[in-house]
Amino acid sequence: MPELPEVEILARHLRPLLRGKTIRTVTVRRERAVRPNTPVELRKALAGAKFMELSRRGKYLLFHFRSKASHKTTAVLGHLGMTGRMYLASKNEALPKHAAIVFDLGHQNFIYEDFRYFGRMSLDLSPIDNLGPEPLEKSFSPQTLAAALKNSRQPIKVKLLDQAVVAGIGNIYASEALFRARISPKLAANRLTSIQTKKLWRTIREVLNEAIGYGSTVPLKTMSGKSDALFYFSDGGEGFYEERLRVYNRAGKPCLNCETVIKGIRQAGRSTFFCPKCQNSRFLTK
DNA sequence: CACCATGTTCCTTG
DNA sequence: CCAAGGAACATGGT
């Protein structure tokens with residue numbers, strides 16, 4: 001679910017569905033999901049508030065509410081972690097086992113569900129202060145990318161996961177962007193040539209834009225015949241999920257450019273996939 | 001039982 | 001002090 005394209009798709013789906021809705025009550029079913037706030041703080045801030053706008057920053061969602069009595073504005077920062085989902089559901093439907101937070105909207109519930117509970121919804125907006133530029137906006141340029149890379153000896157793949165370099169890239173699209181740029185994931189960040197940096201800048205935007213165009217890595221579907229509830233199905237391995245990604249999770253399979261066997265390695269505790277022939281840079285780390 | 005998983009943060013190591 | 005690596009978080013799938 002949770003890299004920039006998936007969050008963007010989710011924001012586009014939810015925005016029109018939430019607009020104008022008023023929150024009756026907030027139920028926090030898992031305290032960890034509102035950290036560093038308490039359930040009481042969230043409930044107090046949002047009870048009776050009206051949804052105004054939904055925006056995205058990196059992998060974060062920003063919900064904007066206005067309280068009825070005062071004209072005060074409240075913002076809630078959401079993050080889906082690894083396995084978070086957000087959707088509207090009819091009140092007739094039983095809550096899922098791992099519903100973390102439920103907003104009562106009247107005839108519907110807005111549900112944040114997360115079976116690993118790495119995500120959150122809180123009033124603390126500070127996490128977005130440390131984010132780098134939005135990759136699809138003007139603030140992200142080959143020059144800003146070069147500046148962000150020039151002082152690090154970390155492997156470029158690891159550096160791309162640093163949200164202060166550029167916001168929203170995750171483990172899947174880091175491998176995808178490097179494959180398209182034909183840059184080794186093991187190349188030290190400060191060893192990219194300016195040509196490589198520009199190429200990487202372009203392929204980052206390419207993979208993210210294409211993913212948004214496709215819908216998302218994990219298909220976002222409407223349950224047919226079940227109101228307008230939105231559900232994510234993680235059926236990786238079939239459908240456009242597998243066809244779309246060119247290297248991620250393809251260890252042992254032939255490179256789509258040159259047939260060389262795709263390698264799977266671990267970097268900083270995360271899996272990386274690459275073609276050892278197409279992505280054969282010099283000055284590799286380790 | 002083992003290992004893997006789209007993310008972030010905290011602690012330790014060098 | 002800093003950069004980098006690893007564990008923790010929590011649950012489920014294979």
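Letters A, B, ... mirror the listed sequences (proteins, then strands); counts begin at 1. Because the structure is predicted, anything quoted here is derived from the model rather than measured.
- Each of A:Glu134, A:Glu137, A:Glu8 was scored for a salt bridge (Lys or Arg N to Asp or Glu O under 4.0 Å) with A:Arg57, with one residue passing: A:Glu134.
- Counting non-hydrogen atoms of neighbouring residues, nucleotides and ligands closer than 6.0 angstrom, the NZ atom of A:Lys72 reaches no more than 12 such neighbours.
- Between A:Thr74 and A:Arg66 there is no side-chain heavy-atom pair separated by less than 4.5 Å.
- A:Gln163 places its CD atom 8 Å from the P atom of B:dG7, with the value rounded to the nearest Å.
- Under a 3.5 Å cut-off, the side chain of A:Gln279 and the backbone N or O of A:Cys275 do form a donor-acceptor pair.
- We find that NZ of A:Lys157 is positioned 11 Å from C1' of B:dT6, with the value rounded to whole Å.
- Atoms CD1 (A:Ile169) and P (B:dG7) sit 11 Å apart, rounded to a whole Å.
- Within 4.0 Å (heavy atoms only), A:Gly269 reaches no atom of the nucleic acid at all.
- One interatomic measurement links the two molecules: CZ of A:Arg250 to C1' of B:dC4, which rounds to 19 Å at whole-angstrom precision.
- Residue A:Phe273 contributes atom CZ, which lies 12 Å from atom C1' of B:dT6 at whole-angstrom precision.
- In this structure, A:Arg85 atom CZ and B:dA5 atom P are separated by 18 Å, rounded to whole Å.
- Distances shown here put a side-chain N or O of A:Lys59 below 4.0 Å from the OP1 or OP2 atom of B:dG7.
- With rounding to whole Å, A:Arg270 atom CZ is found 5 Å from B:dT6 atom P.
- A close approach under 4.0 Å does occur between a side-chain nitrogen or oxygen of A:Ser152 and OP1 or OP2 of C:dA4.
- Considering only the side chain of A:Arg266, B:dC4 comes nearest among B:dG7, B:dC4, C:dA4.
- Helical stems in DNA chain B, defined as runs of 3 or more consecutive Watson-Crick or G-U wobble pairs with donor-acceptor distances under 3.5 Å: B:2-5 with C:11-14, B:7-14 with C:2-9.
- Taking A:Lys59 as the reference, nothing meets the side chain to side chain donor-acceptor pair (under 3.5 Å) condition, with sequence neighbours excluded.
- Nearest heavy atom pair, residue A:Lys97 against residue A:Arg29, reads O-NH1, 3.9 Å.
- One finds no side-chain N or O of A:Ser271 lying less than 4.0 angstrom from the OP1 or OP2 phosphate oxygen of B:dC4.
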Between A:Tyr87 and A:His13, does a side chain to side chain contact (heavy atoms under 4.5 Å, CB included) hold up when you go through it step by step?
CA-CA 9 Å; A:Tyr87 52 89; A:His13 272 83; over 6 Å; no
Report, one pair per line, the protein and nucleotides 9-14 of chain C atoms (nitrogen or oxygen only) whose separation is under 3.5 Å.
unit_1 : atom_1 : unit_2   : atom_2 : d
C:dA10 : O4'    : A:Arg116 : O      : 3.2
C:dA10 : N1     : A:Arg116 : NE     : 3.1
C:dA10 : N1     : A:Arg116 : NH2    : 2.5
C:dA10 : N3     : A:Arg116 : NE     : 3.0
C:dT11 : OP1    : A:Arg30  : NH1    : 3.3
C:dT11 : OP1    : A:Arg30  : NH2    : 2.7
C:dT11 : O4'    : A:Phe115 : O      : 3.2
C:dT11 : O3'    : A:His98  : NE2    : 3.2
C:dG12 : OP1    : A:Lys97  : NZ     : 3.1
C:dG12 : OP1    : A:His98  : NE2    : 2.7

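- Atom C1' of B:dT6 sits at a distance of 23 Å from the matching atom of C:dA4, rounded to the whole Å.
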Could you walk me through whether A:Asn257 and A:Lys277 pass the side chain to side chain donor-acceptor pair (under 3.5 Å) check?
CA-CA 10 Å; A:Asn257 294 332; A:Lys277 187 175 174 197; over 6 Å; no
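- Atom CG in A:Leu245 sits roughly 12 Å away from atom P in B:dT6 (whole-Å rounding).
- In this structure, the nucleotide among C:dA4, B:dT8, B:dA5 sitting nearest to the side chain of A:His79 is B:dT8.
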Take A:Arg30 and A:Asp114 through the test salt bridge (Lys or Arg N to Asp or Glu O under 4.0 Å) and record every step on the way to the result.
CA-CA 10 Å; A:Arg30 181 68 77 111; A:Asp114 191 345; over 6 Å; no
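- Closest heavy-atom contact between A:Val166 and A:Ile169: CG1-CD1, 3.6 Å.
- Taking atom P in both B:dT8 and C:dG12, the straight-line distance is 22 Å, to the nearest Å.
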